Enquirer: 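Could you have a look at this structure, given as structure tokens, before my questions?
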Amino acid sequence: MARTATAVLRTLRALSLAIFALPLLVPGTVARASSEAAILHEKVVALRSLPSASVEWQLHALEIARTLKSLPVSPDRTEIARAFKVQVEAFVRKDAAAAAEQRIRLAADTWVQRVGSALSAQGLGMHVRAREERGAWVAFVDFAQMHDSLAKKLATETDLPASARQAGFDRIEFVNPGNGKSWKFALGGVEALRANVLREAAAEWGIEQL
């Protein structure tokens, strides 16, 4: 009974803190937010008159994004964000795609160096490399004594696949360079990384998820 009462008190205290932590919107704040929303709406309309993706367009769009993120949640903000997204989504997606590709290349190189160094330090005689194949990234682990059961153990009982996926690899292959046999395991890392970059871009631009 005592434990239950204690748990209830803790819950009520946490709830009280959450309630008191909520910002109070006084009339002046509401009016100011409404005024900022009206000005921002005009800026979004003005964005349409600028050459798409030009330097001036980008600077104006970034200014809108900064202001948009500072506005409190409201129907006005939602409407403005929707109109803003229509104008900038194609640019943001293209920019995010380029950023994702750069991040993938860097992460792949870092993974090869880090994992390669770790395996070499253990004296296992394994060689790590990476290659891009038609937009997909593949991690390779070469080992002269690689065989079926060893490849499966490496894929299921080590963190090699998980770390490779996190680095953006779509597939990891364990290869026996002597006989040319390889064991392939799908990872889906590129799409996961691209999706993460898109989420970051959407948050940066203050718009709904892309």
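Every heavy atom of this structure was used, including side-chain atoms; hydrogens, water molecules and symmetry mates were not. Bear in mind the structure is a predicted one, so any value in this text is a computation, not a measurement.
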Enquirer: Which donor-acceptor pairs under 3.5 Å do the side chains of residues 179-190 make with protein atoms, sequence neighbours left out?
Expert:
residue : atom : partner : partner atom : Å
Asn179  : OD1  : Lys181  : N            : 2.9
Trp183  : NE1  : Asp148  : OD1          : 3.1

Enquirer: Please report the shortest heavy-atom distance between Val197 and Ala96, naming the atom on each side.
Expert: CG1-O, 3.5 Å
Enquirer: Can you give me the closest heavy-atom contact between Arg103 and Leu193, atom names plus distance?
Expert: CD-CD2, 4.0 Å
Enquirer: Rounded to the nearest 0.5 Å, what separates atom CG in Asp159 from atom CG in Leu154?
Expert: 11.0 Å
Enquirer: Hey, could you give me each pair passing salt bridge (charged side-chain N to carboxylate O under 4.0 Å, His left out) that has a residue in residues 37-52? Not counting sequence neighbours.
Expert: Lys43-Glu63
Enquirer: Is the backbone of Trp205 close enough, under 3.5 Å, to the side chain of Lys69 for a donor and an acceptor to pair up by distance?
Expert: no
Enquirer: Does CD belonging to Glu56 count more than 12 external heavy atoms closer than 6.0 Å?
Expert: no
Enquirer: Over all heavy atoms of both residues, which pair between Arg165 and Ala192 is shortest? Give the atoms and the distance, please.
Expert: NH2-CB, 3.6 Å
Enquirer: Quick check: do Ile64 and Gln87 have side-chain heavy atoms less than 4.5 Å from each other?
Expert: no
Enquirer: Does CD belonging to Gln102 count more than 12 external heavy atoms closer than 6.0 Å?
Expert: no
Enquirer: In terms of hydrophobic clusters joined by side-chain contacts under 4.5 Å, are Leu150 and Val175 together?
Expert: no
Enquirer: Between the side chains of Gln113 and Asp109, is a donor N or O closer than 3.5 angstrom to an acceptor N or O?
Expert: no
Enquirer: Tell me, which pairs form a ring pair (Phe, Tyr, Trp, His ring centres under 6.0 Å) where one or both residues lie in residues 123-167, sequence neighbours left out?
Expert: none
Enquirer: So, for Phe169 and Ala130, which heavy atoms are closest and what is the spacing to 0.1 Å?
Expert: CE2-CB, 3.6 Å
Enquirer: If you count every heavy atom of other residues, nucleotides or ligands that lies below 6.0 Å from Glu101 atom CD, does the total exceed 12?
Expert: yes
Enquirer: Does a side-chain N-to-carboxylate-O contact under 4.0 Å join Glu191 and Arg194?
Expert: yes
Enquirer: Looking only at non-hydrogen atoms, find the nearest pair between Ala164 and Ile172 and report the distance.
Expert: CB-CD1, 4.4 Å
Enquirer: Check whether more than 12 heavy atoms from other residues, nucleotides or ligands sit under 6.0 Å from atom NE2 of His60, and answer yes or no.
Expert: yes
